[in-house]
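Naming: A, B, ... by sequence-line order, numbering from 1 per chain. No hydrogens, no waters, no symmetry mates; every other heavy atom, side chains included, goes into these values.
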There are 2 protein chains.
Amino acid sequence: MDQKLPTIKEIAKRLNISVSTVSRALHNHPRIGLRTKMQVQKLAEELHYEPNTLAISFKQKKWFTIGVILPELNEQFFSQAISGIEDVATAQNYTVLIGQSHDSMERERMLVEAFRKHRVDGIVLSMAKNTDDYQHLEVLDKYNIPLVYFDRIPKGGQALSVSSNIRSGAEQAVRYLLEKGHKRIALLKGPDSLIASAQRQEGYTSALKQHGLQLDPDLIKEIDLSPEGTRAALTQLLALPQRPTAILCFNDYVCFDAIQAARQAKIRINKDISFVSFANLPICNFLDVPPLASVEQHPYRQGQLAAEMLLDIVEKRKTITDIKPVILDTELRIF
Amino acid sequence: MDQKLPTIKEIAKRLNISVSTVSRALHNHPRIGLRTKMQVQKLAEELHYEPNTLAISFKQKKWFTIGVILPELNEQFFSQAISGIEDVATAQNYTVLIGQSHDSMERERMLVEAFRKHRVDGIVLSMAKNTDDYQHLEVLDKYNIPLVYFDRIPKGGQALSVSSNIRSGAEQAVRYLLEKGHKRIALLKGPDSLIASAQRQEGYTSALKQHGLQLDPDLIKEIDLSPEGTRAALTQLLALPQRPTAILCFNDYVCFDAIQAARQAKIRINKDISFVSFANLPICNFLDVPPLASVEQHPYRQGQLAAEMLLDIVEKRKTITDIKPVILDTELRIF
DNA sequence: CTGTTAGCGCCTTCAA
DNA sequence: TTGAAGGCGCTAACAG
């Protein structure tokens, strides 16, 4: 029964020395006798001594844990991002607390509260799609808990954040379609609360303009990312007097929904209407008719960078003013 | 600057009472005057007092955190399970630490160590596919850290575990194929280290026997779950003098790989060869040619049950001897 | 009803 | 080079 784990006190008692000596020996403190040091370390070894992280955390007011809040682990984009975060955190001896907001601002708020109460050293967050009020996030400032946003970042852009260049991604995607001869390209953009929605539209508009094409507002649909919303938008697009011949979707999931709806309307995918989307998820490889192309947003890398940024601050290697938002380049993956 | 968070000491000082009184007031302890209680609670409110979880954890040798170790968050089966675990844990005021083994026993061992050092109250684990040695897991016993297995459980079955009835799931699936008239049904079973591989084979064998069919060993392939392994197995099956007309795959991912390989060999999916698999993942809904059917293993429910089981022990509502392994019924989802 | 005290495990002065 | 003492924030005897 290892019930009672050995403490430095225990070691001290057995060796008839003081706890502080033991503490120093264990930390390779300079001012300590070699003999005592060896003795202590030997006994510590034998007893399988392990420092009580809880006590250390308590003492240092720091518990080597970061919190991650994201919309949905079920979405591969985020599960890949988590891997990046986890790898970086683990390498720096931090552990990762995870919470899903399920795209609800209310849950997001609760998670932030919970993590704050648990005194995490910092938080990495990707916003819920409807988060339009940042109060619950700004609170963290007061408590000196650093917050790094990734992918779904707030408007304004002043904050610590890692994201990908959605604007140029959209531009790449639309240009690709234009080069394939498409003239009527629709855009399924996301909700206004996501900055990435406007960015998609910017890239879209700019690419069209460069090709000297007129913007048709009927071809731009704001969707809420739900399957129903996507289906409704698609119905509207198909009802247009002049149907689009290509659709740029907010992300792969939206694209899957859209493709499904289109198929039900007897549209031949990537023939009658071509689909292009964002995210480039692994599951695209399993589809027999994937989108023509998908904008790679490097979720794993984003996760890594966000975690590194956060830990740089937590560990005081950098201050907030040293840091500029990171915007990753996207790449168009053609299937 | 809320830099310094208020402590009960602070409250005590301001009110000129003792810390223990404050503590009691905050905990609605019976033996305390209503007036003082109100006073304390009012001031606590004003100062935005919040108990220091770290101090409480330290004091009580318990930090209200459970660790979850699973192979791969990217797999929807596991991300759904996590949701179940998270929901139960949150409801009971626990937080969740997550680690991915990426199906490596070595990483699994490291995560167990890390979690143990961080003094989690308990662990929920789904084994890496190659874990064939349980030493790193048995260690937890000595430290009195309860461990609940889910889905990928160890051989022997004595342990605390939640899993689904793979044997009967396989039987259902094979029976379904037999009723569709298939006579040559192949099985892509997983590695021997997973108990679920043998269980699949048992169900498979039993269903065939019930239909008075002979077992053809050539039709059973052990695969390592990698895309390459699956592809190789499929090649072998296609090279048989008498090809199978249906294949039961270890899980949906294996099934996707198999379908891809088959398609490259010009097999018409679900016509020349029918596919059936395990897991019933959400992404199946996006495939235009999904497997004919998939055995639903209720990952979310498994996660919930595993977390409940663990917390029952952690909170001492039950002892280990009270608990029997849970085996969930599967259902065949027909597409 | 309330205050005093001790202690959780560790680190960090301050003294010796 | 070592020891003694104090304290992190909180809880829980034990006394009044």
Side-chain angles (χ1 to χ4, degrees), chain A residues 2-41 43-44 47-65 93 116-121 143-144, chain B residues 2-41 43-44 47-65 93 116-121 143-144:
Chain A
D2 266 345
Q3 268 281 45
K4 297 272 173 272
L5 295 160
T7 67
I8 53 172
K9 194 192 239 173
E10 171 75 13
I11 298 180
K13 203 193 300 172
R14 295 217 193 193
L15 256 37
N16 259 321
I17 57 180
S18 78
V19 289
S20 41
T21 308
V22 176
S23 173
R24 279 188 281 252
L26 259 18
H27 287 124
N28 282 314
H29 189 95
R31 287 191 304 203
I32 186 146
L34 187 59
R35 272 184 53 85
T36 22
K37 183 155 96 181
M38 301 290 275
Q39 270 189 335
V40 170
Q41 294 189 343
L43 183 58
L47 297 178
H48 301 296
Y49 167 78
E50 279 172 359
N52 181 333
T53 1
L54 230 43
I56 296 173
S57 297
F58 169 56
K59 177 97 212 226
Q60 313 199 328
K61 297 174 193 310
K62 185 155 177 335
W63 79 342
F64 297 94
T65 300
N93 270 306
R116 186 177 60 66
K117 285 194 185 143
H118 275 269
R119 305 280 209 274
V120 296
D121 300 309
Y143 291 93
N144 273 316
Chain B
D2 266 345
Q3 267 283 45
K4 295 274 173 274
L5 296 160
T7 66
I8 52 171
K9 196 192 239 175
E10 171 75 13
I11 297 181
K13 204 195 298 172
R14 297 216 192 193
L15 257 34
N16 261 320
I17 55 179
S18 77
V19 288
S20 43
T21 308
V22 176
S23 172
R24 280 186 282 249
L26 258 19
H27 287 124
N28 282 315
H29 189 95
R31 287 190 304 202
I32 186 147
L34 186 59
R35 271 183 54 84
T36 22
K37 184 155 95 180
M38 300 290 275
Q39 270 190 334
V40 170
Q41 294 189 342
L43 184 59
L47 297 178
H48 301 296
Y49 167 78
E50 280 172 0
N52 182 333
T53 355
L54 232 43
I56 296 174
S57 298
F58 168 55
K59 172 84 195 180
Q60 313 201 327
K61 297 174 192 309
K62 186 153 174 340
W63 78 341
F64 296 95
T65 300
N93 270 307
R116 187 176 61 66
K117 285 192 184 145
H118 275 268
R119 305 279 209 275
V120 295
D121 300 309
Y143 292 93
N144 272 317

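Across the protein-nucleic acid pair, A:Glu10 atom CD and C:dG9 atom C1' stand 13 Å apart, rounded to whole Å. Atom CD in B:Gln39 sits about 15 Å away from atom P in C:dC1, given to the nearest Å. Rounded to whole Å, atom C1' of D:dC8 lies 16 Å from atom CH2 of A:Trp63. In this structure, the CZ atom of B:Arg119 is 12 Å from the C1' atom of C:dC10, given to the nearest Å. Between B:Ile8 atom CD1 and C:dG3 atom P there is a gap of 13 Å when expressed in whole angstrom units. Residue A:Leu26 contributes atom CG, which lies 14 Å from atom P of D:dT2 at whole-angstrom precision. Atom CG of B:Leu54 is separated from atom P of C:dC8 by 18 Å (rounded to the nearest Å). C:dC10 atom P lies 11 Å from atom CD of A:Glu50, rounded to whole Å.
Of the candidates C:dG9, C:dT2, D:dT1, D:dT1 carries the atom nearest the A:Arg31 side chain, counting heavy atoms from C-beta on. The side chain of B:Ile56 sits closest to D:dC10 out of D:dC10, D:dT2, C:dC10. Here D:dT11 is the nucleotide among D:dA13, D:dT11, C:dC10 with the atom lying nearest to any side-chain atom of B:Gln60. Looking at the side chain of A:Arg24, the nearest of the listed nucleotides C:dT13, D:dC10, C:dC11 is C:dT13. For B:Phe58, counting side-chain heavy atoms from C-beta on, the closest listed nucleotide (D:dT11, C:dT2, D:dG9) is D:dG9.
The backbone N or O of B:Trp63 sits less than 3.5 Å from a side-chain atom of B:Thr65, completing a donor-acceptor pair.
Within the nucleic acid shown, A:Ile17 comes within 4.0 Å of sugar-phosphate atoms alone, with no base atom in reach, counting heavy atoms only.
A:Ser18 has a side-chain polar atom (N or O) that falls below the 4.0 Å cut-off from OP1 or OP2 of D:dG3. OP1 or OP2 of D:dT2 sits under 4.0 Å from a side-chain N or O of A:Thr36. For A:Lys9, no side-chain nitrogen or oxygen approaches OP1 or OP2 of C:dG7 to under 4.0 Å. Between D:dG9 and B:Thr7, no contact under 4.0 Å exists linking OP1 or OP2 to a side-chain N or O. OP1 or OP2 of C:dG9 sits under 4.0 Å from a side-chain N or O of B:Lys61. Within the structure, every side-chain polar atom (N or O) of B:Ser20 is placed at least 4.0 Å from both OP1 and OP2 of D:dT11.
Under the 30°/60° scheme for interplanar angles, the aromatic rings of A:Phe58 and B:Phe58 are found to lie parallel.
Side-chain contact between B:Val40 and B:Ile17: present, with at least one pair of heavy atoms (C-beta onward) separated by less than 4.5 Å. Counting only heavy atoms from C-beta outward, the side chains of A:Arg31 and A:Arg24 never approach each other to under 4.5 Å.
For residues 5-15 of chain B, the pairs satisfying side chain to side chain donor-acceptor pair (under 3.5 Å) are B:Glu10-B:Arg14, with sequence neighbours left out.
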